[in-house]
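See structure below.
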Number of protein chains: 2
Amino acid sequence: MSKKTTIYDIAKELQITAATVSRALNNNPRISKNTRELVLETASRMNYKQNRLALALKSGKSNNVGVVVPYINRSFFSSVIRGIEDELYPKGYHVIISQTHEDKERELKIIQNLLNAQVDGILISTSYSNDEKDKLEPVLKKTTPFIFFDRKLNFPDISSVTIDDFQGGFDATKHLIDQGCKRIAHFYVNNDLELYQNRLDGYKSALLENGLEFKPEYVISLKSDMEAGMKAAERLMKLPLPPDAIFSSTDKGLLGAIKYLQSLSINIPDDFCVVGFSNDPFTQFMEPSISSVDQSPVEMGRMAAKVFLEQMASEHAVKINKEVILPANLIIRKSSSKIQKK
Amino acid sequence: MSKKTTIYDIAKELQITAATVSRALNNNPRISKNTRELVLETASRMNYKQNRLALALKSGKSNNVGVVVPYINRSFFSSVIRGIEDELYPKGYHVIISQTHEDKERELKIIQNLLNAQVDGILISTSYSNDEKDKLEPVLKKTTPFIFFDRKLNFPDISSVTIDDFQGGFDATKHLIDQGCKRIAHFYVNNDLELYQNRLDGYKSALLENGLEFKPEYVISLKSDMEAGMKAAERLMKLPLPPDAIFSSTDKGLLGAIKYLQSLSINIPDDFCVVGFSNDPFTQFMEPSISSVDQSPVEMGRMAAKVFLEQMASEHAVKINKEVILPANLIIRKSSSKIQKK
DNA sequence: TTGTACGCGTTATCAA
DNA sequence: TTGATAACGCGTACAA
């Protein structure tokens, strides 16, 4: 209805000047207790609300932070955002969400757009690409702080928060070996994100350290969905010497494999053990429940936010390049508990 | 590095005035083709980016929309947001996310905050409360468009997008009856959100229309978690005449019940049928897969965004009060397929 | 302690 | 077709 009240309205009402009102509102010491109280009172009576836009324009600080993810309704990403928001909201920041739909072009546009909107920083989990590193490069040269989480790109001077994917891959594989599995296959997701490579490396390393041979035919490249997982499992089981376990870089892919194995009446975990990656919520509800490597998404979000805040605090200092690597936590459930299941 | 270039920088470079630059940039017809091209060229050369903040202050339109939910990492809410963002981003809007943590005080502060940030509208799924209707009321009187989705409050002149919870409850119950279930229990979530009441009403209505008696002892109030679901099921099964089916308003609660029933070696669906509500992703992966009422969250988000856009389009017209009710879709899976399961 | 004046980056109005 | 100027709402350096 009525127009929004500004400090000018309050000033007029009180026969003083807008500057005085501003001072009163901002707890500026250079003002009498009397007028301050008067202003405060009138402000609340007139239902005054500060216009953050004007403040932002004036100060050059919008108090908005952009968060860019492929899709916000993926459990992992929404949880990271949960963490970011939890950490940033109390500090007065608002979180602006954008989804790239796993599209590199769109990602670039989104970043430009956020920059136009004068966000104070951008937290991003980048989309797949094919050697298009350069595309993002010019935009990263800006003064606006960038922080990668989970899916990072290797640029100098850009901070990142990731988990230890190598360790995750290693632990999962080692765990399967400890269960007595001898022929461990791996579901690999084939794109340019180095995190999948790291998990694969962890897998290899665990095999070798434990005297098991690395067999290329046991590594299947697939997309992260059930369908692909079923096909991958089928391919594996038709090998002359089929594996007796799978460590999968994707929970969804693993799910497909499980369905396929069950259709063959293969018992999990007695005949075949599996471990996934991501600890997607559904893994704990399945029967059997699925072991998976947890990525602590909420923690990751909080940490990314903290790194951003640090960056802001050290204002004009040299650009910080902080690489935080969170631990990967293997969650052992029934799907790989051959030894002592209850 | 270098400061951001403004239209003044371009103007100076070209020895013209900022107004002219602005006109060129905005395809204003009142400018010569020559200078326009010159400006456009120089702008891109100097890497000019429009400052949306200044534009927002000037125009009174921020092109930001606030979205308020209890927690963004709940599957349902993150999917609604997915829909909202998908619809709004192409129209040039940015989505600002806030979480109430199911806290009414916080919700109010968040709304004030978003209003201060000059958002063009607020899409909200409200938190539980206890008759605190009034608390939100003053803030809803603002000119800024509000739109409720899923969890609505009954205020005049406020649009809403919900699903037909009554129909959902009715269909789920009717389906159980069709499966031959005679003693159907209901998990009810007890708070002031009318949607749970509507589901209960649908349940009652289906019973009565089909000649089944409504028994209060078959309706259990609980919170939406596994623990509560287990206890609720235990209580039901210790009744002199235990039920043979459950229609639950919450998937998580139902999950607990299923775990309990399975611990009693009760076979689902042969001995006992269950249907949940929300179609949480995990329901389709379980064994047996769980029937549930789908709420089309992404669609709901898109629709809420559309209603907002309509509201914006009809600018100074009378406040629109649009109540969109989307259909509830019962998804039948194994957990309630007693008759013709494959 | 308070008022005056300016600038943040843009667009719109009016005049030239 | 272009220029000059005001205005959006706020905070602050400077002057009083």
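Within every chain, numbering begins at 1; the chains are lettered A, B, ... in the order of the sequence lines, protein sequences first and strands thereafter.
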Write out a two-atom table: protein N or O, nucleotide N or O from nucleotides 13-15 of chain C, distance below 3.5 Å.
none

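A donor atom on one side chain and an acceptor atom on the other are not found under 3.5 Å apart for B:Asn51 and B:Lys49.
When rounded to the nearest whole Å, the span between NZ of A:Lys4 and P of D:dG9 equals 9 Å. Taking atom CG of residue A:Asn51 and atom P of nucleotide C:dC8, one finds them 18 Å apart after rounding to whole Å. Taking atom CD of residue B:Gln118 and atom P of nucleotide D:dC10, one finds them 8 Å apart after rounding to whole Å. Atom CZ of B:Arg52 and atom P of C:dT11 are 13 Å apart (whole Å). In this structure, B:Ile7 places its CD1 atom 11 Å from P of C:dA12, rounding to the nearest Å. Summarising the geometry, the separation between CG on A:Asn26 and P on D:dG9 is reported as 17 Å, rounded to the nearest angstrom. Between A:Asn63 atom CG and D:dG11 atom P the separation is 13 Å, expressed in whole Å. One can place CG of A:Asn27 at 14 Å from C1' of D:dG11, the figure rounded to the nearest angstrom.
When heavy atoms are screened at a 4.0 angstrom cut-off, A:Leu53 is found touching no nucleic acid atom at all. A:Ile31 comes within 4.0 angstrom of the backbone, heavy atoms only, and of no base. Residue-level contact check: A:Thr17 touches the bases, meaning some heavy atom is under 4.0 Å from a base atom. B:Thr6 comes within 4.0 angstrom of sugar-phosphate atoms only, judged by non-hydrogen atoms across all strands, and of no base. Here B:Ser32 lies in heavy-atom contact (under 4.0 Å) with sugar-phosphate atoms only.
OP1 and OP2 of D:dC8 both lie 4.0 Å or more from every side-chain N or O belonging to B:Ser59. Taking 4.0 angstrom as the limit, B:Ser22 places a side-chain polar atom (N or O) nearer than this to OP1 or OP2 of C:dT11.
Between the side chain of B:Asp120 and the main chain of B:Ser62, a donor-acceptor pair closer than 3.5 Å is present. Using modelled atom types, one side-chain atom of A:Ser59 and one backbone atom of A:Leu55 make a donor-acceptor pair closer than 3.5 Å.
Using cut-offs of 30° and 60° for the angle between ring planes, the B:Phe77 and B:Phe149 rings count as perpendicular. Taking the six-membered ring for Trp and thresholds of 30 and 60 degrees, A:Tyr89 and A:His94 have nearly parallel ring planes, at less than 30 degrees apart.
The minimum heavy-atom distance between B:Met300 and B:Leu326, with the atom names listed, is CA-CD1, 3.6 Å.
Looking at A:Arg151 and A:Glu102, a side-chain N of the basic residue comes within less than 4.0 Å of a carboxylate O on the acidic one, giving a salt bridge.
Annotation: of the two residues near DNA chain C, A:Tyr8 and A:Lys33, the 5′-most nearest-nucleotide partner is A:Lys33.
For B:Lys58 against C:dT11, a side-chain N or O and a base N or O form a donor-acceptor pair under 3.5 Å.
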